[in-house]
Amino acid sequence: MTLVRLGYVAMSMELKNASPSQTMTFTQFQKIADRDAAIRKLERIARSNLTNTLRLLKHTVASEIHFYRLTSRLIPLAYHRELLDWDFIMPIKDLLKEIGTYIQEHQLRVDFHPDHFVLLNSPNKDVFHQSILTLKMHYLILKAMKIDRTHRCVIHVGGKYMDKEKSLEQFIETWMDVPTGIQKLIMLENDDTSFTLEDMLYLCQKLNIPLVFDYHHHLALHQDSNWQRHWDSIVQSWEHSPLPIKMHISSPKSEKSFRHHADYIDSKLFFDFLHEIKGSIPQIDCMIEAKQKDKALFKLMEEIKNRDDVEVVDGSSFNLK
DNA sequence: GTCGGTCAAGGTCTG
DNA sequence: CAGACCTTGACCGAC
């Protein structure tokens with residue numbers, strides 16, 4: 001038997017006025033003549049984002065969901081080049097701790113997916129440095145939440161820079177310059193434009209990083225469509241993780257825009273996949289990446305209730321028979 | 001309130 | 001080598 005748990009991403013289509021990603025651009029920031037006042041405004045936005053995150057987490061628990069992706073936009077302009085003197089944690093420490101306590105009390109799995117501007121293999125030192133700072137922000141947030149920092153940030157390899165092999169080697173080289181605390185945060189995901197499952201396995205095995213398998217990306221970009229023969233290696237990359245293996249599930253929007261996420265999940269495709277891995281692992285956490293966010297998860301759960309090949313555990317988890 | 005345009009970022013593609 | 005486009009949710013001004 002394999003226990004499957006479902007999660008959703010960073011916002012709710014059901015809760016109203018609950019954005020955890022309100023923002024201020026640097027252009028807006030500069031328009032405010034009083035810099036201190038502008039920083040206070042950033043802090044008010046961050047507090048609003050965290051208050052809404054707590055609302056979202058309560059909605060998550062109430063919906064019997066145990067797995068949630070925090071947005072990486074909780075604190076606007078954190079570690080922006082012109083705001084390096086701003087201590088962005090201190091003014092929100094109380095809320096971060098409250099959220100962390102809630103997460104622990106309800107045994108939620110939370111993680112982040114920093115955006116695609118985190119490029120650890122960039123040949124440009126400034127870009128690399130800014131990427132480290134972005135990851136450090138994630139580190140500090142988790143630390144203030146008092147959550148174990150191991151394997152909490154999913155990222156992609158980065159750019160191809162016109163030479164894929166060289167870019168992979170570049171990742172390995174710069175990995176040595178990544179502070180240990182930040183290395184431990186990282187999971188790597190195969191993407192849909194540059195780096196395949198095989199590329200990820202090469203890096204993950206070499207650097208001992210858990211591999212987050214994105215099935216949709218694999219369908220969009222692969223050397224060999226047969227992912228099954230790599231499944232054991234994917235599982236193995238999680239051997240030293242305190243967390244269960246996790247993967248990403250989404251469905252193509254259409255044949256024409258294959259790479260875009262559809263509103264909902266194609267449950268047939270999803271279950272065909274699950275039946276192939278059934279029994280190979282005790283548990284798997286599947287992050288549902290759909291335009292309709294939590295609504296897509298709820299729809300999926302309704303469909304699952306009517307299936308005879310599963311044993312429903314609660315709102316968002318089930319055993320595969 | 002609804003709309004289309006704009007904002008950010010770095011990479012990648014086009015001309 | 002310049003400029004458009006990609007992606008995302010939020011935001012903004014116009015009506």
Side-chain angles (χ1 to χ4, degrees), chain A residues 8-32 38 41-42 44-53 55-56 68-84 88 112-138 153-168 170-171 174 189-195 199 214 216-217 220-221 248 250 252-254 256-263 287-296:
Chain A
Y8 72 103
V9 174
M11 63 184 280
S12 168
M13 302 307 278
E14 295 210 332
L15 288 194
K16 297 298 166 205
N17 302 313
S19 169
S21 314
Q22 288 173 286
T23 194
M24 192 199 291
T25 64
F26 187 61
T27 309
Q28 292 170 280
F29 177 87
Q30 279 178 309
K31 281 182 191 158
I32 302 169
K41 191 170 178 189
L42 286 175
R44 281 199 302 278
I45 293 171
R47 291 191 70 84
S48 164
N49 286 341
L50 290 171
T51 305
N52 284 335
T53 294
R55 285 179 60 203
L56 284 162
Y68 174 72
R69 179 187 297 165
L70 294 159
T71 171
S72 287
R73 300 191 198 177
L74 289 171
I75 311 168
L77 303 182
Y79 280 131
H80 187 279
R81 284 178 179 81
E82 304 293 324
L83 281 159
L84 292 174
F88 52 82
F112 286 105
H113 197 342
D115 67 30
H116 57 293
F117 303 111
V118 169
L119 297 151
L120 293 182
N121 74 340
S122 175
N124 179 333
K125 280 210 159 59
D126 287 341
V127 173
F128 173 75
H129 183 61
Q130 196 57 46
S131 301
I132 294 292
L133 287 182
T134 304
L135 291 169
K136 190 176 166 192
M137 173 197 72
H138 291 81
C153 289
V154 188
I155 58 166
H156 297 285
V157 177
K160 248 190 317 195
Y161 308 108
M162 292 181 294
D163 185 341
K164 194 176 84 167
E165 305 309 321
K166 196 176 153 199
S167 303
L168 282 170
Q170 184 60 38
F171 188 96
T174 45
E189 176 192 355
N190 59 304
D191 67 73
D192 56 359
T193 53
S194 306
F195 298 102
D199 297 329
D214 189 309
H216 182 189
H217 288 168
L221 179 79
H248 291 169
S250 52
K253 188 180 170 68
S254 63
K256 210 174 155 192
S257 332
F258 189 85
R259 283 163 43 213
H260 289 93
H261 289 171
D263 284 352
M287 184 54 81
I288 301 300
E289 296 180 326
K291 282 264 180 236
Q292 288 297 318
K293 313 289 178 188
D294 54 338
K295 270 194 185 173

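Below, read A as the first sequence line, B as the second, and so on, with proteins coming before strands; counting in each chain starts at 1. Computation of the quantities below employed the complete heavy-atom set of this structure, encompassing side-chain atoms and omitting hydrogens, waters and symmetry-equivalent molecules.
- Of the candidates B:dG11, C:dA10, C:dT8, B:dG11 carries the atom nearest the A:Y161 side chain, counting heavy atoms from C-beta on.
- Regarding A:L15, its CG atom lies at a distance of 17 Å from the C1' atom of C:dG9, rounded to whole Å.
- Residue A:S19 is in sugar-phosphate contact alone, with no base atom involved, counting any heavy-atom pair closer than 4.0 Å across all strands shown.
- Considering only side-chain atoms of A:R259, the nucleotide from C:dT7, B:dC7, B:dG11 that sits closest is C:dT7.
- In this structure, the side chain of A:H217 does not engage the main chain of A:T193 through any donor-acceptor pair within 3.5 Å.
- A close approach under 4.0 Å does occur between a side-chain nitrogen or oxygen of A:T25 and OP1 or OP2 of B:dA8.
- In this entry the distance linking CG of A:N49 with C1' of C:dT8 reads 15 Å, nearest Å.
- Side-chain contact check for A:Q22 and A:S19: no donor-acceptor pair (N or O, by modelled atom type) lies under 3.5 Å.
- When all heavy atoms are compared, the tightest approach of A:F112 to A:S72 is CD2-OG, 3.8 Å.
- Nearest to the side chain of A:H116, among C:dC11, B:dT12, B:dG10, sits B:dG10.
- Taking atom CZ of residue A:R69 and atom P of nucleotide C:dG9, one finds them 11 Å apart after rounding to whole Å.
- Relative to the side chain of A:L119, the nucleotides C:dC11, B:dA8, B:dG10 differ in distance, and B:dG10 lies closest.
- One can place CE of A:M24 at 16 Å from C1' of C:dG9, the figure rounded to the nearest angstrom.
- Distances from the side chain of A:F117 to the nucleotides B:dG10, C:dT8, C:dA10 place B:dG10 closest.
- Contact annotation for A:Q130: no contact, since no heavy-atom pair falls under 4.0 Å across all strands.
- Counting to the nearest Å, the P atom of C:dC11 and the NZ atom of A:K31 are 14 Å from each other.
- Across every non-hydrogen atom of A:P76 and A:N49, the tightest pair is CD-ND2, 4.2 Å.
- Rounded to whole Å, the distance from CD1 on A:I132 to C1' on B:dA9 is 17 Å.
- In terms of phosphate contacts, A:Q28 brings no side-chain nitrogen or oxygen within less than 4.0 Å of OP1 or OP2 of B:dA8.
- When each of C:dA10, B:dG10, B:dA8 is scored by its nearest atom to the side-chain atoms of A:M11, the top-ranked nucleotide is C:dA10.
- Between the CD atom of A:Q170 and the C1' atom of B:dG11 there is a distance of 15 Å, given to the nearest Å.
- You'll find the ring centres of A:H113 and A:H156 inside the 6.0 Å limit.
- A 6.0 Å sphere centred on CG of A:N17 holds no more than 12 heavy atoms belonging to other residues, nucleotides or ligands.
- To the nearest angstrom, C1' of B:dC7 lies 10 Å from CZ of A:R73.
- Using a 4.0 Å heavy-atom distance criterion, A:H260 is classed as a sugar-phosphate-only contact.
- Closest contact between the side chain of A:Q22 and the listed nucleotides B:dT12, C:dC11, C:dG9 involves C:dC11.
- Nucleic acid contact for A:S122: sugar-phosphate only, since backbone atoms but no base atoms lie under 4.0 Å from a heavy atom of the residue.
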